[in-house]
Amino acid sequence: MTVTPRPSRPAGTVERAAAALGRLRRGRLLHPAGRSFTGEVLIWGTPGPPTGVAVLDDPGRYQATVRLSKGTPTPGSWPDVLGLALRLRTDTGRPFDLLVSSSGAAPLVRNLPLPRRAFSGTYSTITCYRVGRRRLWLAVLADPESVDLGRSLTAVAAATRADAPRLVLAVASAVGPWRPVGQVSIGAQLSAREDAALAFDPVRNLPQELRATGPLAWLRDHTYRGSRRARGVDGQSGGSTATTV
């Protein structure tokens, strides 16, 4: 018999508060306005020293689900902290959920969520991951050869109908440059119902070599748990298994 441990008092308080706010909002607590799409991730492999994460180091092709969103959300094309959520369907049967926010590209500002208008830009994990004793940042970057995603969720949806937008998946150390490891292709838009059913777990849905650490990871873990509880979904809900782009 497996016994699920109770969360600590601070964790329980955060989860209950997030659940209460989620019920008041009647939807996602974080990044409620968004559009979800089928996708495909093509991993080229890591240039230079390997990261120690097989799904990033070894060439492969994965079905995916991509969600682009606004954090507050502000109207139309007003600036906001933009979000991109990516779910890879890995061979292990457990998804790899990567959640990144609009940020700067340089080392000193890749830790800061920065408001912007354009959906084509730099998105980073803000906080680092651990691979053994090493720290690793992940990012999704604009592809200069791809169609522009525009400055509103309506424009994002229009771009996917006109073409198959592409983004670049990259990794970096604390002070090093971004190293491209793959390509994210965005396909057909999912229905509003499918978008509402989709839920991510950026702390627990990770490759076994990768660990989310630090205060922000702790806060994210319990906030997302509370938000999912209010919506009646779990950390592996939703996502497309259809043929991608």
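- At least one side-chain heavy atom of Leu169 sits less than 4.5 Å from a side-chain heavy atom of Leu98.
- Not a single donor-acceptor pair under 3.5 Å links the side chain of Arg130 to the backbone N or O of Glu209.
- Atom CG in Leu138 sits 12.0 Å away from atom CD1 in Ile126 (nearest 0.5 Å).
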Would you be so kind as to tabulate the donor-acceptor pairs closer than 3.5 Å made by side chains of residues 41-54, with sequence neighbours excluded?
{"unit_1": "Thr46", "atom_1": "OG1", "unit_2": "Leu56", "atom_2": "O", "d": "3.1"}
{"unit_1": "Thr46", "atom_1": "OG1", "unit_2": "Asp57", "atom_2": "OD1", "d": "2.5"}
{"unit_1": "Thr51", "atom_1": "OG1", "unit_2": "Val53", "atom_2": "N", "d": "3.1"}
{"unit_1": "Thr51", "atom_1": "OG1", "unit_2": "Asp57", "atom_2": "OD1", "d": "2.9"}
{"unit_1": "Thr51", "atom_1": "OG1", "unit_2": "Asp57", "atom_2": "OD2", "d": "3.4"}

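- Although no hydrogens or angles enter the test, the distance criterion places a donor-acceptor pair under 3.5 Å between the side chain of Ser120 and the main chain of Leu149.
- For the pair Thr38 and Thr65, the minimum side-chain heavy-atom distance is 4.5 Å or more.
- Leu68 and Val81 are not part of a single hydrophobic cluster, where members link through side-chain heavy atoms under 4.5 Å apart.
- Using a 4.5 Å heavy-atom cutoff, the side chains of Tyr129 and Leu206 are in contact.
- Heavy-atom minimum distance, Pro32 versus Pro73: CG-CD, 3.8 Å.
- Residue Arg134 holds its CZ atom at 12.5 Å from SG of Cys128, rounded to the nearest 0.5 Å.
- For the atom pair CG of Leu153 and CZ of Arg35, the computed distance is 5.0 Å after rounding to the nearest 0.5 Å.
- A salt bridge links Arg67 with Asp195; the closest basic N to acidic carboxylate O contact falls under 4.0 Å.
- Under a hydrophobic-cluster definition in which Ile, Leu, Val, Met, Phe, Trp and Tyr are linked whenever side-chain heavy atoms come within less than 4.5 Å, directly or via other members, Leu141 and Val100 are assigned to different clusters.
- When all heavy atoms are compared, the tightest approach of Val147 to Ala159 is CG1-O, 4.5 Å.
- Judged purely by atom type and a 3.5 angstrom limit, Asp143 uses its side chain to pair as donor or acceptor with the backbone of Glu145.
- A distance-only check finds a donor-acceptor pair linking the side chain of Ser102 to the backbone of Leu82 [under 3.5 Å].
- In this structure, Arg116 forms a cation-pi arrangement with Tyr123, its terminal cationic atom sitting closer than 6.0 Å to the ring centre and no more than 45° off the ring axis.
- You'll find the side chain of Trp137 reaches within 4.5 Å of the side chain of Asn111, heavy atoms only.
- The heavy-atom pair separating Ser185 from Gln183 by the smallest distance is OG-NE2, 3.4 Å.
- Arg179 places no side-chain N or O within donor-acceptor distance of the main-chain N or O of Ala172, the cut-off being under 3.5 Å.
- Relative to the six-membered ring of Trp178, Arg110 meets both conditions, a distance below 6.0 Å and an angle of at most 45° to the axis.
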For this session: Go through Val156 and Phe37 one step at a time and tell me if the side-chain contact (heavy atoms from CB on, under 4.5 Å) criterion holds.
Result: CA-CA 10 Å; Val156 168; Phe37 306 87; 3.8 Å; yes

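- A distance of 12.0 Å separates CG of Leu210 from CG of Asn205, quoted to the nearest 0.5 Å.
- Among all heavy-atom pairs drawn from Thr160 and Ala157, the shortest one is OG1-O, 2.7 Å.
- Note: Ile186 CD1 to Ser146 OG = 7.5 Å, rounded to the nearest 0.5 Å.
- In this structure, the side chain of Lys70 does not engage the main chain of Gly83 through any donor-acceptor pair within 3.5 Å.
- The side-chain heavy atoms of Val168 and Val140, taken from C-beta on, include no pair separated by under 4.5 Å.
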Problem set entry | Criterion side-chain contact (heavy atoms from CB on, under 4.5 Å) on Glu40 and Tyr62, from CA distance to verdict | CA-CA 6 Å; Glu40 184 178 79; Tyr62 303 94; over 6 Å; no

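- Atom CG in Leu99 sits 10.5 Å away from atom OG1 in Thr125 (nearest 0.5 Å).
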